[in-house]
4 protein chains.
Amino acid sequence: MDAARRAQLVRCTVEAIAEVGMRKASLAEIARRAGITKGAIFYHFANREELVNEVLVTLLTEGARYMGERIAEQADPAAELRAYLESNIDYIATHRAEVAALVAIAMNHTDERGGAREVDASVYGESLRPLEDILRRGQEQGLFCAFDTRTTAMTIRAAIDAIGPQLSAIPDLDLDRYTTELVALFDRATKRVPA
Amino acid sequence: MDAARRAQLVRCTVEAIAEVGMRKASLAEIARRAGITKGAIFYHFANREELVNEVLVTLLTEGARYMGERIAEQADPAAELRAYLESNIDYIATHRAEVAALVAIAMNHTDERGGAREVDASVYGESLRPLEDILRRGQEQGLFCAFDTRTTAMTIRAAIDAIGPQLSAIPDLDLDRYTTELVALFDRATKRVPA
Amino acid sequence: MDAARRAQLVRCTVEAIAEVGMRKASLAEIARRAGITKGAIFYHFANREELVNEVLVTLLTEGARYMGERIAEQADPAAELRAYLESNIDYIATHRAEVAALVAIAMNHTDERGGAREVDASVYGESLRPLEDILRRGQEQGLFCAFDTRTTAMTIRAAIDAIGPQLSAIPDLDLDRYTTELVALFDRATKRVPA
Amino acid sequence: MDAARRAQLVRCTVEAIAEVGMRKASLAEIARRAGITKGAIFYHFANREELVNEVLVTLLTEGARYMGERIAEQADPAAELRAYLESNIDYIATHRAEVAALVAIAMNHTDERGGAREVDASVYGESLRPLEDILRRGQEQGLFCAFDTRTTAMTIRAAIDAIGPQLSAIPDLDLDRYTTELVALFDRATKRVPA
DNA sequence: CATGAATGAGTGTTCATTCAT
DNA sequence: CATGAATGAACACTCATTCAT
């Protein structure tokens, strides 16, 4: 079926990019991994860009579902923020190839056209909005202190997104500790201090 | 003179990378901007990598000097942390092309071989250590609370480094506000709360 | 078919090298002769070296077969030596382009790294050993006098290999006479003189 | 002085070609060895070809003088032939760089234009005529048997010229033995056998 | 659906040659 | 006499893309 081949190609592309980097993840390399020929790729995708875009969307969707489920179980915004951090770092730890590919794609996308970016450079793009939601609700419920939700959300995302590159450089990074520290840091930075 | 052309080529490379990205910043493109031929580049640099390395070193050095001067004037670690954030974001705001180039180079360096990187992916590389220094001294002097200095330093850097890509996406980002918010956020996250 | 194009490219390479020399027999020149583009060559051969190697192997194999058949028919080592000389010069006379290409390739291979050559600079490489065999058997059977088989074999090969360059300089060289004289010369130099 | 620089450049070119081969003996490399700049070479030689030609002529002249002196001392053509072989091989043994350069130049010259060669591919070019002279006088004096002097001269030269490439491949070749064997071989091949 | 073959524009790099100073 | 800087044409090689079969 068409969809199966597309999925397989997406998977092979993720692995290729994760292993050899965007530069060397040529269509020939991807085709080799999929066990088909370069030409066949064009039957399923109009061009390279479309294939890479599909990869991007797929990974973003996967990640969003992974995190969304865990966050939904929480009782209040403070717990949700903790769950957001924990589930995100957990996803990164257990999906290194996907994250590596995502980072590589985001990087090469970013510097192409410095104008309107259709895909956020952030690892989880669409997750910036839900994050702001959590922060805003926390403020409304008096759990969080006053701060600009956008800036804070961006900082949280940046702290998480920095893990990917760090993991490549320091493979045995202690992620559990990193998580604990990050949760504590943002707890101090957001919690309301009673008068 | 030799040095003048080298400097010009470095500048043209920065601009080329900032505008069209690493991928398309070919030697032909750089030469075109410099008004010379591709071949002439090889008179001044052994190969592409050496040129890019010179760009990297130049930008890193410039940035470090810019920030170092401001931080040195501060009275205590808390003020230094504020100066670090402010001067860094100020540099980013006033050197957009340089920062864009730096990010692009760091990115493409990273995804090549995920092993030991001689140049940190962080926009200011060497500035992670001085940052940790500030945090540690702040703790020693009882100004800062207990936290892992490495994780916190990485988070601060990540928050700053995230501005570069963000600027590309949202060119009219209010950096003054961003700065104020970030200073406040990390003040809350680091300051010692008296019992 | 793949093999047909490969064969055509090998033939075009032989002709190109024979006519314009190794230096100027660029992939562009070879592609032009084959009526395809440079890039297409890389579909059939990994790189220039592989193409040249295929040419080398092809020509060596052809030559060895040509000579081997004639030599095998002979009754004794003295006749074999004559057949060796005659068939080799005959091959040179009737395959001038091949020989020219072979010489050019061997030459440019030699001066690259003066170390261990996998392919002998001699036009027929592997034919030095069979030549020594003939000489040794001739000595064992009392047909040849005492001499160092290696030196003599090298001299015979040198005399034959000198014809190639000579042919380029003097296109109307009388090869029949050359052959007769060479056969006589090496007959005198090798035959046993009865006491 | 002009002539001194020319001589120095010729010398450096010989060494460069002998060490790195024709291909990599670029003008930059030669200039580096001479301690001047590429551009300066063009003050002394119109172009690369002229420089290489001067090298060729110089080496050929040097070799001819070396051999001529020894041959002139001999009493009869048979002794001259022996002296020719011995002095030539001796020259090769004691002037390896020169011979290596000569071979490399001859090789790359040969395959350039397959037409009229102004310089013989033979290592000593002009020495083919004196060799034929020796052979002819030997026949006239009844010392040598009947044979075509041209073919025999070419064979002798080929046997000697084959030493150069052989030396590169087998650096510890026993030249003394090679000489003895060659002298004996051509003695058998040329001497008159009394009825 | 897929292949095998080819294209063509592009890449970084080398080098003999030129020339103002 | 010589340099330092530059040119420009050539080189081997890569790769997304096309298309007849």
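Note that these values count all heavy atoms, side chains included, but never hydrogens, waters or copies made by symmetry. Below, chain A is the first sequence line, B the second, and so on; all start at residue 1.
Across all their heavy atoms, Phe45(C) and Glu50(C) have their closest contact at CA-OE1, 3.6 Å. Residues Leu27(B) and Leu51(B) come closest through the heavy atom pair CD2-CD2, 4.3 Å.
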How is the base pairing of DNA chain E summarised as a dot-bracket string, given the Watson-Crick and G-U wobble criteria with both distances under 3.5 Å, [ ] for crossing and | for another strand? .||||||||||||||||||||

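The distance between atom CZ of Arg32(A) and atom P of dC15(F), rounded to the nearest whole Å, is 13 Å. Following rounding to the nearest Å, Phe45(C) (CZ) and dA5(E) (P) show an atom-to-atom distance of 12 Å. Between the CD atom of Glu50(D) and the P atom of dA16(E) there is a distance of 15 Å, given to the nearest Å. Rounded to a whole Å, the CE atom of Met22(B) is 13 Å from the C1' atom of dG12(E). A straight line from CD1 of Ile30(C) to C1' of dC13(F) spans 14 Å, rounded to a whole angstrom. Regarding His44(C), its NE2 atom lies at a distance of 16 Å from the C1' atom of dC13(F), rounded to whole Å. In this entry the distance linking CD of Gln8(B) with C1' of dA5(F) reads 13 Å, nearest Å. As rounded to whole Å, 18 Å separates atom P of dG4(E) from atom CD1 of Ile36(C).
In this structure, Arg11(B) has no side-chain hydrogen bond (donor to acceptor under 3.5 Å, both in side chains) partners at least two apart in sequence or on a different chain.
You'll find the side chain of Leu56(C) stays beyond 4.5 Å of the side chain of Val52(C), heavy atoms only. A 4.5 Å side-chain heavy-atom check between Val103(A) and Asp161(A) finds every atom pair outside the cut-off.
Atom-to-atom distance recorded for Ile17(C):CD1 and Leu102(C):CG is 9.5 Å, nearest 0.5 angstrom.
With respect to the salt-bridge test (charged N to carboxylate O, under 4.0 angstrom), the residues Glu29(C) and Lys38(C) do not qualify. Between Glu19(C) and Arg33(C) there is a salt bridge, since a side-chain N of the basic residue sits under 4.0 Å from a carboxylate O of the acidic one.
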Set out, line by line, the N/O atom pairs under 3.5 Å between protein and nucleotides 8-12 of chain F.
| unit_1 | atom_1 | unit_2 | atom_2 | d |
| --- | --- | --- | --- | --- |
| dC11(F) | OP1 | Ser26(C) | OG | 2.9 |
| dA12(F) | OP1 | Arg48(C) | NE | 2.9 |
| dA12(F) | OP2 | Leu27(C) | N | 3.0 |

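Remark: Tyr43(C) is in phosphate contact with dA5(E), judged by side-chain N or O atoms under 4.0 Å from OP1 or OP2.
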Test Glu54(C) against Thr13(C) for side-chain contact (heavy atoms from CB on, under 4.5 Å), laying out the working first. CA-CA 10 Å; Glu54(C) 179 112 339; Thr13(C) 304; over 6 Å; no

